[in-house]
**Q** 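One structure is given below, represented as structure tokens, and several questions about it will come after.
Predicted model, so just to flag it, every value in this text is computed and none were measured.
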Amino acid sequence: MDIISRGIGIKKFVPEIIHLNFDFRIKSFTYENALSEGVKAVETFAKLLEKLGYKKSDFKTNSFRVYEETKYDAKKKEDVRLGYIYNHDAHLEFDYDIARLADLVQEISKLKDGPRANITFRLKNEDGAKSKCIDLAFKNAKSKAEAIAKSAGKKLKDCIKVSYEPFDEPIQSRSNFEGLRKMGAYCEDNALRGSIENVLVPEDIEIEEVLYCLFVAE
């Protein structure tokens, strides 16, 4: 007798890493000025990070470009040049520490040409976390198969085939925080730091794995 069962393994994990993605966008009428001002803004930010105790190698660039911005003019029936944009995308991550995050956000809010920042919370060992969920999923599938075999008056012998869904979901907390520069503009000095420490509590990271198992019962 063949028994096919679907096992689900769900487990929550406390975030271990704070990951910040920074987006610098500096606009100017000339290519040279956009590049110059953009580089200056990133250098200022890098020095701020070093002042806060981060290493230069901690601040990693994802992408960098300077491009011309245009807008289509319906009356003229042509693209109108609006200037050039310096775009620098980078990231930084460190062990989970809300106080440290609050200090960083407070300092970002003071910068004239600071970046937009997006914060996510992640795990250090994603594969290990997935493995724990796969183990739970298999035990769940086996438990269901054993119940079916017992109801049929048979005994479960072996699992002869297993398939699982691809590991393509992002492993991070659903908590997400954006627009830090704008948020800082409405807070008094040091008020933002205290607010973040008091109210920012990210969700646990929930991972779900599904296994489809083929068991043999006799």
**Q** Quick one: are Met1 and Ile148 in side-chain contact, heavy atoms under 4.5 Å?
**A**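 The answer is yes; the side chains approach within 4.5 Å.
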
**Q** Using the ring of each side chain (for Trp, its six-membered ring), is Phe59 parallel, tilted or perpendicular to His88, with breaks at 30° and 60°?
**A**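 Rings of Phe59 and His88: parallel, under 30°.
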
**Q** If you compare all heavy atoms of Tyr86 against all heavy atoms of Phe64, which two are closest, and at what distance to 0.1 Å?
**A**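 So the two residues come closest at CE1-CE1, 3.0 Å.
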
**Q** Taking all non-hydrogen atoms of both residues, which atom of Leu123 and which atom of Ala129 are closest, and how far apart?
**A**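 Where Leu123 meets Ala129 most closely, the heavy atoms are CD1-CB, 3.7 Å.
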
**Q** What pair of heavy atoms forms the shortest contact from Ile26 to Gly38, and how long is it?
**A**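 Smallest heavy-atom distance, with atoms named: CG1-CA, 3.7 Å.
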
**Q** Distance-only, no hydrogens or angles: does the Asp204 side chain make a donor-acceptor pair with backbone N or O of Pro15 under 3.5 Å?
**A**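 No, the answer is negative, given that no donor and acceptor are paired below the 3.5 Å cut-off.
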
**Q** Heavy atoms, side chains only, cut-off 4.5 Å: are Asn118 and Asp23 in contact?
**A**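 No - every pair of side-chain heavy atoms lies 4.5 Å or more apart.
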
**Q** Quick one, Val216 and Asp2 - any side-chain contact, counting heavy atoms below 4.5 Å?
**A**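 Result yes, sub-4.5 Å side-chain heavy-atom pair found.
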
**Q** Compute whether any side-chain donor of one residue and acceptor of the other, for Thr70 and Asp79, lie under 3.5 angstrom apart.
**A**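 There is no such pair between these side chains.
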
**Q** Taking the side chain as everything from C-beta on, heavy atoms only, tell me whether Ile207 gets closer than 4.5 Å to Lys11.
**A**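 With C-beta onward as the side chain, the pair stays apart.
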
**Q** Backbone N or O of Lys55 within a donor-acceptor pair of the Asp58 side chain at under 3.5 Å?
**A**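 Present.
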
**Q** Tell me whether Leu111 shares a hydrophobic cluster with Phe24, the cluster being built from Ile, Leu, Val, Met, Phe, Trp, Tyr side chains joined at under 4.5 Å.
**A**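 Yes, same cluster.
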
**Q** CG of Leu20 to CZ of Phe94: how many Å apart, nearest 0.5 Å?
**A**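 Taking CG in Leu20 and CZ in Phe94, the distance rounds to 5.5 Å.
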
**Q** Enter the distance from Arg6:CZ to Lys144:NZ here, rounded to the nearest 0.5 Å.
**A**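 Taking CZ in Arg6 and NZ in Lys144, the distance rounds to 6.5 Å.
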
**Q** Starting at NZ of Lys150, measure out to NZ of Lys155 and round the result to the nearest 0.5 Å.
**A**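 If we round to the nearest 0.5 Å, Lys150:NZ and Lys155:NZ are 12.5 Å apart.
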
**Q** So which heavy atom on Arg25 is nearest to which on Tyr67, and how close?
**A**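 Minimum heavy-atom contact is NH1-OH, 3.1 Å.
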
**Q** Taking atom CZ of Phe29 as the centre, does the number of heavy atoms from other residues, nucleotides or ligands within less than 6.0 Å exceed 12?
**A**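 No, because the 6.0 Å sphere around CZ of Phe29 holds 12 heavy atoms or fewer from other groups.
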
**Q** Can you tell me if Asn140 uses its side chain to pair, donor with acceptor, with the backbone of Ile8 under 3.5 Å?
**A**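 Yes, Asn140 side chain to Ile8 backbone: donor-acceptor pair under 3.5 Å.
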
**Q** Should the ring pair His91 and His19 be called parallel, tilted or perpendicular, given that the plane angle runs from 0 to 90° and is split at 30 and 60?
**A**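 Answer is parallel, since the angle falls under 30°.
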
**Q** Answer yes if Phe138 and Ile134 sit in the same cluster of Ile, Leu, Val, Met, Phe, Trp and Tyr residues linked by side chain heavy atoms under 4.5 Å apart, and no otherwise.
**A**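 Yes, it is one cluster - the side chains of Phe138 and Ile134 are joined through contacts under 4.5 Å.
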
**Q** With a 3.5 Å distance limit and no angle check, can you tell me whether Ser151 reaches the backbone of Ala147 through a side-chain donor-acceptor pair?
**A**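 Yes, because the side chain of Ser151 sits within donor-acceptor range (under 3.5 Å) of the backbone of Ala147.
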
**Q** Honestly curious: do Val42 and Ile85 fall in one hydrophobic cluster under the side-chain, below-4.5 Å linking rule?
**A**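 No, Val42 does not connect to Ile85 through the hydrophobic network.
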
**Q** Flag the pair Glu209 and Lys130 as a salt bridge only when some basic side-chain nitrogen lies within less than 4.0 angstrom of an acidic carboxylate oxygen.
**A**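 Between Lys130 and Glu209 there is no salt bridge, as every charged N stays at least 4.0 Å from the carboxylate O atoms.
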
**Q** Taking NZ, NE, NH1 and NH2 as the nitrogens, is one of them in Lys40 or Glu37 under 4.0 Å from a carboxylate oxygen of the other?
**A**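 Yes.
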
**Q** Give the cluster check for Tyr31 versus Val39: same hydrophobic cluster or not, with ILVMFWY residues linked at side-chain heavy-atom distances below 4.5 Å.
**A**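 Result: yes, single cluster for both.
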
**Q** So how far is it from Thr44 OG1 to Asp113 CG, rounded to the nearest 0.5 Å?
**A**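 One gets 8.5 Å once the value is rounded to the nearest 0.5 Å.
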
**Q** Just do the side-chain contact (heavy atoms from CB on, under 4.5 Å) check on Ile18 and Phe121 with the steps written out, would you?
**A** CA-CA 5 Å; Ile18 295 178; Phe121 302 90; 3.9 Å; yes

**Q** If you apply the rule salt bridge (charged side-chain N to carboxylate O under 4.0 Å, His left out), what do you find for Glu50 with Lys47, and how did you get there?
**A** CA-CA 5 Å; Glu50 290 185 28; Lys47 289 179 181 178; over 6 Å; no

**Q** To check you understand the geometry: which heavy-atom pair defines the closest contact between Ile10 and Leu136, and what is its length?
**A**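 It is O-CD1, 3.9 Å.
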
**Q** Counting only N and O atoms by type, is there a donor-acceptor contact under 3.5 Å from the side chain of Glu16 to the main-chain atoms of Lys124?
**A**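 Yes, Glu16 side chain to Lys124 backbone: donor-acceptor pair under 3.5 Å.
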
**Q** Can you tell me how far apart CZ (Arg116) and CZ (Phe22) are? Round to the nearest 0.5 Å.
**A**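 Spacing of CZ (Arg116) from CZ (Phe22) equals 13.0 Å.
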
**Q** Would you name the heavy atoms of Ile108 and Pro115 that are closest together and state the gap between them?
**A**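 Between these two residues, the closest heavy atoms are CG2-O, 4.1 Å.
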
**Q** How long is the span from the CG atom in Leu35 to the OG atom in Ser28, to the nearest 0.5 Å?
**A**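 Nearest 0.5 Å value for the CG-OG distance: 10.5 Å.
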
**Q** Is there a path of hydrophobic side-chain contacts, each under 4.5 Å between heavy atoms of I, L, V, M, F, W or Y residues, that connects Ile17 with Ile119?
**A**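 Not linked; separate clusters.
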
